[in-house]
Amino acid sequence: MAGYNCQIRTVTRSYRLRAYPNGAQRRLLDRWFGAARWLWNTALAIRSEAYRECGLTLTGNDVSRWLTQWKRTPGHEWLAQVPATCLTKCLRDQDAAFRNFFARRARYPRFKGKSTSGSLRFQGVGAAWARGLVTLPKLGALKLAESLPEVERPGLMTLSRDATGRYHVSFCSQVETSLLPITHRLVGVDLGLKDLAAFSTGEKIPNPKRYRARLRYLRQQQRCLARRQKGSRRREKQRLRVARAHAHVRQERQAALHALTTRLVRDFDLICIEDLNVKGLGRGIHARAIHDVAFSEVRRQLAYKGEWYGKILVEVDRWYPSSKTCSACRHTLDELRLDERQWKCPKCGTLHDRDVNAARNLLAEGLRQLAGRDDRDLRVDAGDACPEEILVQVLAEEARSGQRNRACVEQAIFG
Ligand SMILES: [Zn+2]
């Protein structure tokens, strides 16, 4: 197997660890989150008004100069207690928010309401990169749920609190990954509501156990929250309950999605998924919203894991009728009801599982798209070539562009 898996690449990996601040730290953070929110809102108000009234575009640096003044103003001394770099970073973040807005990538920056959640970005993480402890400026040693990974100490660390009042630290670091071995296998993946995913190989990945029951519970609790009177103590209690249920569902789903995507990049060389899922319409807003989030998360994970481990991801056009087309003879039905889990092709008589058939179509369509792409020098007609031939050509192309080791490709062709 020598020379099979020998290409190493450096990638940026992000980490998120649960943190447990002590009582004093929690009280400090409470104030700091408040100060950061105040600064964000004040700066946003000033910048918006300067632009409205005088057509002036202020930058974070301008506001930053005033910040020094504000810290000396009586009544605002609390600003000076927050680590200075956190406040500067807060203004930088606002700059980025404005940049995204002007580039039409995002909406106009919004005012931050008073809520449980918040985040601060720290510069100058303590040199003692210790087991289960991280030292942050003015906060001291912060207890973590797990040991820190053995990576270089990051220059920047985010400490955040979510709606349930839990704290996390997150940061990015450079790590080395090596390409995974070539498996000669291709797959189309249909992400669904009933099962988490169906593969073109016929395999189905179920949702986490009791997942539907948890969703139902979450829905009940949300309805209950809507009935509670605004500002009441019972509402606050209910809000926390909903936030916890939400966090639970999200966590569980995240774990399942990571297991799914890791398995896909390990077992297959080429993965075809839908560009954007338009299924599940009329299925109830709730399940659909959850499903959409899951879908974009799968795509995100497959994109970076594919990049890390040298696997290829193809996104198939969103309007392709993948469920209604027979994967055996290409006959397309006029209509297929959402509750029809199985159907028989009227033309060739093949009995299809709805989701597996969709996955097979995604694979076929993905290969067709791949073969038709002009940035790859492929001279095959996807209609005639068998999937393996296309794969070998794609891999050869990757090798030519220097992305993959030649030995890997030879292995793919002759192995
Ligand atoms: Zn058919």
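In what follows, every heavy atom counts, from backbone to side chain, and hydrogens, waters and symmetry copies are set aside. Counting starts at 1 for both ligands and their atoms, following the listed order.
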Modelled atom types, side-chain donor and acceptor of Q238 and R235, under 3.5 Å: no
Parallel, tilted or perpendicular: rings of F268 and F199 (30°, 60°): perpendicular
Aromatic plane relationship, H352 with W343 - under 30° parallel, 30 to 60° tilted, over 60° perpendicular: tilted
Sum of protein N, O or S atoms, each under 2.8 Å from the Zn ion (ligand 1): 4
Qualifying salt bridge (Lys or Arg N to Asp or Glu O under 4.0 Å) pairs, either residue in residues 117-126, two or more places apart: D93-R121
Any pair counted as salt bridge (Lys or Arg N to Asp or Glu O under 4.0 Å), so long as it reaches residues 165-177, sequence neighbours left out: D162-R166
Sequence neighbours excluded - salt bridge (Lys or Arg N to Asp or Glu O under 4.0 Å) pairs with any residue from residues 29-53: D30-R161, R47-D95
